[in-house]
Enquirer: 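Please find one structure pasted underneath; my questions will follow.
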Amino acid sequence: MKNNDILRRVRYTFALNDDKIMKIFQHAGRVVTREQVCSWLKKDEDPDFKEISDTLMVEFLDGFIVERRGPSDKKVSSEYLINNNIVLRKLKIALNLQAEDIIEILKLADFSISKHELSAFFRRIDHKHFRLCNDQILRRFLKGLQIKYKG
């Protein structure tokens, strides 16, 4: 899934305005401008649209964790590429979700998954039972979050 789509959906689901998004980035030690935020939230066809980089997306999600759960003593590294598994994991942490909660959220979006299938998304990439989270599952999870938090 594109980082901009994820940002748009999280913004809508949790009613984050531009100031709140800028504050979330500050939690991760990044200062962004309102112009940057606006350009990331524009439609892909808009001439002012800008893609949000993997590093910035990770920093947004790290800041979202701090926003929702408070600061941590652990130092988080943002020096890796993002994928759907990382997005799912960071949203799980930010929202303090257990496996059963994620399964219920996916059910809200008409998607069923077993606890074993779900746990494969949270394993290390070199684990033999690791499974890559595809766009469909992440989209359904974000839709389920929207149903749960927006009603």
Side-chain angles (χ1 to χ4, degrees), residues 1-46 48-99 101-103 105-106 109 111 113 117-150:
M1 240 180 117
K2 289 184 177 181
N3 293 337
N4 297 67
D5 292 335
I6 296 165
L7 181 65
R8 283 186 209 111
R9 289 174 186 233
V10 170
R11 177 184 195 220
Y12 176 75
T13 301
F14 297 100
L16 305 173
N17 60 27
D18 295 348
D19 291 328
K20 193 69 161 176
I21 290 175
M22 291 164 46
K23 182 180 174 192
I24 287 170
F25 273 103
Q26 286 177 347
H27 289 315
R30 172 74 67 162
V31 176
V32 297
T33 65
R34 182 177 309 279
E35 291 75 28
Q36 285 176 297
V37 172
C38 289
S39 68
W40 296 328
L41 297 172
K42 296 210 183 277
K43 298 282 185 198
D44 295 4
E45 306 83 35
D46 193 300
D48 295 330
F49 168 80
K50 300 270 189 280
E51 281 193 34
I52 184 169
S53 69
D54 287 350
T55 302
L56 287 170
M57 190 65 203
V58 169
E59 289 174 350
F60 170 77
L61 292 170
D62 289 342
F64 190 60
I65 291 169
V66 173
E67 179 71 23
R68 299 289 297 203
R69 299 200 49 183
S72 172
D73 297 334
K74 298 178 183 176
K75 176 68 178 144
V76 181
S77 172
S78 299
E79 297 180 17
Y80 48 81
L81 296 177
I82 195 166
N83 62 30
N84 292 345
N85 297 62
I86 293 168
V87 172
L88 187 62
R89 181 182 315 117
K90 288 187 179 286
L91 289 173
K92 175 185 179 225
I93 292 166
L95 301 172
N96 200 20
L97 300 173
Q98 301 299 316
D101 301 323
I102 295 173
I103 291 169
I105 288 168
L106 286 167
F111 190 85
I113 191 170
E117 290 172 307
L118 181 64
S119 70
F121 299 139
F122 301 111
R123 299 187 185 281
R124 285 190 336 262
I125 200 162
D126 59 345
H127 191 279
K128 70 178 184 174
H129 294 296
F130 171 81
R131 184 171 155 213
L132 199 60
C133 178
N134 64 32
D135 287 350
Q136 177 193 16
I137 293 170
L138 184 58
R139 256 189 227 100
R140 293 292 179 107
F141 176 70
L142 291 169
K143 182 179 179 185
L145 283 178
Q146 183 177 336
I147 293 167
K148 179 176 178 167
Y149 288 96
K150 286 294 261 190

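FYI, side chains are in, hydrogens and waters are out, and symmetry mates aren't considered; it's all heavy atoms of this structure. The chain is numbered in sequence order, starting from 1.
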Enquirer: What's the separation between atom CG in Asp54 and atom CD1 in Ile86, rounded to the nearest 0.5 Å?
Expert: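 Output value for this atom pair is 8.5 Å.
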Enquirer: Answer yes or no: is there a side-chain heavy-atom contact under 4.5 Å between Leu142 and Asp5?
Expert: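 A side-chain contact is absent here, since even the closest heavy-atom pair is not under 4.5 Å.
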Enquirer: Can you give me the closest heavy-atom contact between Arg68 and Tyr149, atom names plus distance?
Expert: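 In this case the closest contact between Arg68 and Tyr149 is NH2-CE2, 4.2 Å.
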Enquirer: Determine, stepwise, if the pair Arg8 / Asn4 fulfils side chain to side chain contact (heavy atoms under 4.5 Å, CB included).
Expert: CA-CA 6 Å; Arg8 283 186 209 111; Asn4 297 67; 3.8 Å; yes
Enquirer: For Arg69 and Ile93, indicate whether the former's side chain and the latter's backbone hold a donor-acceptor pair under 3.5 Å.
Expert: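 Between the backbone of Ile93 and the side chain of Arg69 there is a qualifying donor-acceptor contact (under 3.5 Å).
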Enquirer: Give the minimum heavy-atom separation between Ala28 and Gly63, together with the two atoms involved.
Expert: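 Here Ala28 and Gly63 meet closest at CB-N, 4.0 Å.
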Enquirer: Dump the intermediate steps for side chain to side chain contact (heavy atoms under 4.5 Å, CB included) on Phe141 and Val87, then the final yes or no.
Expert: CA-CA 11 Å; Phe141 176 70; Val87 172; over 6 Å; no
Enquirer: Just do the side chain to side chain contact (heavy atoms under 4.5 Å, CB included) check on Gln26 and Val66 with the steps written out, would you?
Expert: CA-CA 10 Å; Gln26 286 177 347; Val66 173; over 6 Å; no
Enquirer: In Å and rounded to the nearest 0.5 Å, what is the CD to CD1 distance from Glu67 to Ile24?
Expert: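 Reported value, rounded in 0.5 Å steps: 5.0 Å.
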Enquirer: Counting only heavy atoms not in Tyr12 (residues, nucleotides, ligands), do more than 12 fall under 6.0 Å from its OH?
Expert: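 12 or below, so no.
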Enquirer: Are any of the side-chain heavy atoms of Ile6 and Ile82 separated by less than 4.5 Å?
Expert: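 Side-chain contact under 4.5 Å: no.
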Enquirer: Provide the closest heavy-atom pair for Gln136 versus Phe111 in the form atom of the first, atom of the second, distance.
Expert: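 So the minimum-distance heavy-atom pair works out to NE2-CE1, 4.0 Å.
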Enquirer: Between Asn3 and Glu51, is a side chain to side chain contact (heavy atoms under 4.5 Å, CB included) present by the stated rule, with each step listed?
Expert: CA-CA 8 Å; Asn3 293 337; Glu51 281 193 34; over 6 Å; no
Enquirer: Please round to the nearest 0.5 Å and tell me the distance separating atom CD1 of Ile21 and atom CG of Leu7.
Expert: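 So the gap between those two atoms works out to 5.0 Å.
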Enquirer: Hey, could you give me the CZ/SG distance between Arg140 and Cys133, rounded to the nearest 0.5 Å?
Expert: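 Here the rounded value is 12.5 Å.
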Enquirer: Would you name the heavy atoms of Ile65 and Lys90 that are closest together and state the gap between them?
Expert: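 Looking at all heavy atoms of both residues, the shortest contact is CG1-O, 3.6 Å.
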Enquirer: First locate atom NZ of Lys42, then atom CZ of Phe49, and finally report the distance between them rounded to the nearest 0.5 Å.
Expert: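 With rounding to 0.5 Å, NZ (Lys42) is 11.5 Å from CZ (Phe49).
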Enquirer: From the options Arg30, Arg34, Glu35, select the one residue that forms a side chain to side chain contact (heavy atoms under 4.5 Å, CB included) with Val32.
Expert: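 Only one option passes, and that is Arg30.
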Enquirer: Between Asn84 and Asn134, is any side-chain donor less than 3.5 angstrom from a side-chain acceptor?
Expert: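 Note: Asn84 and Asn134 side chains miss the donor-acceptor criterion.
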Enquirer: Any side-chain heavy atom of Ile102 within less than 4.5 Å of one from Phe121?
Expert: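 No, side chains not in contact.
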Enquirer: To the nearest 0.5 Å, what is the distance between CE on Met1 and CD1 on Ile137?
Expert: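 If I round to the nearest 0.5 Å, the distance is 12.5 Å.
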Enquirer: Give the ring-plane orientation class for Phe64 versus Phe60, where under 30° counts as parallel, over 60° as perpendicular and anything between as tilted.
Expert: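 Ring orientation of Phe64 relative to Phe60: parallel.
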Enquirer: Which heavy-atom pair separates Phe130 from Arg124 by the least distance, and what is that distance?
Expert: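 Where Phe130 meets Arg124 most closely, the heavy atoms are CB-O, 3.3 Å.
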Enquirer: Counting only heavy atoms not in Lys43, do more than 12 sit closer than 6.0 Å to its NZ atom?
Expert: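 12 or below, so no.
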Enquirer: Given salt bridge (charged side-chain N to carboxylate O under 4.0 Å, His left out), test Lys2 with Asp135 step by step and report yes or no.
Expert: CA-CA 9 Å; Lys2 289 184 177 181; Asp135 287 350; over 6 Å; no
Enquirer: Specify the closest pair of heavy atoms between Gly144 and Ala109, including all atoms of both residues, with the distance to one decimal.
Expert: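 Gly144 and Ala109 have their closest heavy atoms at N-CB, 3.8 Å.
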Enquirer: Has Ser39 got a side-chain atom pairing as donor or acceptor with Gln36's backbone, closer than 3.5 angstrom?
Expert: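 The answer is yes, because a donor-acceptor pair under 3.5 Å joins these two groups.
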Enquirer: So, does Asn85 use its side chain to make a donor-acceptor pair with the main chain of Arg131 at under 3.5 Å?
Expert: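 Indeed, once roles are kept as given, a pair shorter than 3.5 Å links the two residues.
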